[in-house]
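A quick write-up on the structure given underneath.
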2 protein chains.
Amino acid sequence: MKKDLTISYDEFMLKFKDTMKSLGLNNSVQREYVLKVLFKSDTHLSADALLFEVKKEYEVTMGIATVYRILNLLEELHIVNGILIDGNESKVYELNLVSHHDHMVCTQCNKIVEFYDAELEKLQENVALSNGFTLKSHNMLLYGICNECQ
Amino acid sequence: MKKDLTISYDEFMLKFKDTMKSLGLNNSVQREYVLKVLFKSDTHLSADALLFEVKKEYEVTMGIATVYRILNLLEELHIVNGILIDGNESKVYELNLVSHHDHMVCTQCNKIVEFYDAELEKLQENVALSNGFTLKSHNMLLYGICNECQ
DNA sequence: TTCCCTGCAAAGGATTTGCATACAA
DNA sequence: TTGTATGCAAATCCTTTGCAGGGAA
């Protein structure tokens, strides 16, 4: 969701380095490159694809294990979101720069569209409440056919 | 979702055998036992757990490969639903006896509650439409803390 | 008899882990 | 210097597949 960014890459990295420091963690070129690729990408990337992109752009040695370690760390810190689309074997990742949103997938062309609907969010909370649940999060994927594919 | 059944096991099996026949497929004790365990269960079961239950109840030789083959077949026919809960490695399955519903998971005790909300469904459709999508299906899991765990 | 179905074991694919080395602070 | 991060390869875990034998109709 590149378009709605209100933060520059530099600002973002400064904040990231702060976060690392406050956790007693180091920075590394690998982490920086992963973030950079995610920042520049306008699609959702799998760990494999991410590794491929990093290697293509930055000529650095990097193993797939590192990619997973980085993505898991970033996901725990809510810096990235990983989503698993029905029928796929592996997760795809995106930077969590904008506020919460959900995804809609075209089952024909696999396009992923992001959306946010306040009413929908509110309704989920109410439904949870009426079942005695305090809602903490959700996971919603809509599957359909997009405009171009009809 | 055992409680809301409007169909008996025998009726269900008759219908299932019909389906098999109309597809040119056979019946088998393994398929019957898998269905029986799912029918009697009031929880969602993984492939592993399902195999364990079948073996415990019916003393039949059965391999995990068969469980997966059966579950995949049943899922394609929409006779079972498989759902993947965040943080879990494997899907859990339930019989698709009642009409469409979604799930709410307690992140503390892992309880799964089923629910259906017409307004929510309608809203999803509208949101899809306003993004140019014709909604075909969705995948929604709500995560929270249940009554007993608060 | 003719396919379909199963068990077993091996293969697959994505992700994780162990370990020695390299790097950040 | 000290602890953290990485690369590589091996290990895991879940799921699928190949093949030969068994079963349903």
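Side-chain atoms are counted along with the backbone in the values below, which use heavy atoms only and exclude waters and symmetry mates. In what follows, chains are A, B, ... by sequence order, proteins preceding strands, each numbered from 1.
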Measure [atom1]/[X] against [atom2]/[N] and give the value in whole Å, please.
{"X": "B:Leu23", "N": "D:dA25", "atom1": "CG", "atom2": "P", "answer": "14 Å"}
{"X": "A:Met62", "N": "D:dA5", "atom1": "CE", "atom2": "C1'", "answer": "11 Å"}
{"X": "B:Ile70", "N": "D:dG23", "atom1": "CD1", "atom2": "P", "answer": "15 Å"}
{"X": "B:Lys21", "N": "C:dC4", "atom1": "NZ", "atom2": "C1'", "answer": "15 Å"}
{"X": "B:Leu51", "N": "C:dT6", "atom1": "CG", "atom2": "P", "answer": "13 Å"}
{"X": "A:Glu75", "N": "C:dA14", "atom1": "CD", "atom2": "C1'", "answer": "14 Å"}
{"X": "A:Lys55", "N": "D:dT6", "atom1": "NZ", "atom2": "P", "answer": "14 Å"}
{"X": "A:Glu32", "N": "C:dC23", "atom1": "CD", "atom2": "P", "answer": "16 Å"}

Touch check for [X], heavy atoms < 4.0 angstrom, all strands: base, sugar-phosphate only, or nothing?
{"X": "B:Lys91", "result": "sugar-phosphate"}
{"X": "A:Arg31", "result": "sugar-phosphate"}
{"X": "B:Ile64", "result": "nothing"}
{"X": "B:Asn72", "result": "sugar-phosphate"}

Taking only side-chain nitrogens and oxygens of [X], does any of them come within less than 4.0 Å of OP1 or OP2 of [N]?
{"X": "A:Asn27", "N": "C:dA25", "value": "no"}
{"X": "A:Thr66", "N": "D:dA5", "value": "no"}
{"X": "A:Gln30", "N": "C:dC23", "value": "no"}
{"X": "A:Ser28", "N": "C:dC23", "value": "no"}
{"X": "A:Asn26", "N": "C:dC23", "value": "no"}

Item to check | Earlier contact from the 5' end, DNA chain D, for B:Val29 and A:Met20 | outcome: A:Met20
Next on the checklist: Looking at A:Phe52, I want to see if its CZ is surrounded by more than 12 non-hydrogen atoms of other residues, nucleotides or ligands under 6.0 Å.
Outcome noted: no
Checklist entry - Do the ring planes of B:Phe12 and B:Tyr9 sit parallel (below 30°), tilted (30 to 60°) or perpendicular (above 60°)? => result tilted
Checklist entry - With nearest nucleotides of DNA chain C determined for A:Glu89 and A:Arg69 from heavy-atom distances, which residue corresponds to the more 5′ nucleotide? => result A:Glu89
Checklist entry - Does B:Glu125 come within less than 4.0 Å of B:Lys136, counting only side-chain N to carboxylate O? => result no
Next on the checklist: We want to know whether A:Thr134 and B:Gln150 form a side-chain donor-acceptor pair, criterion being a heavy-atom distance below 3.5 angstrom.
Outcome noted: yes
Next on the checklist: Measuring centre to centre across the rings, with the benzene-like ring taken for any Trp, is A:His100 within less than 6.0 Å of A:His78?
Outcome noted: no
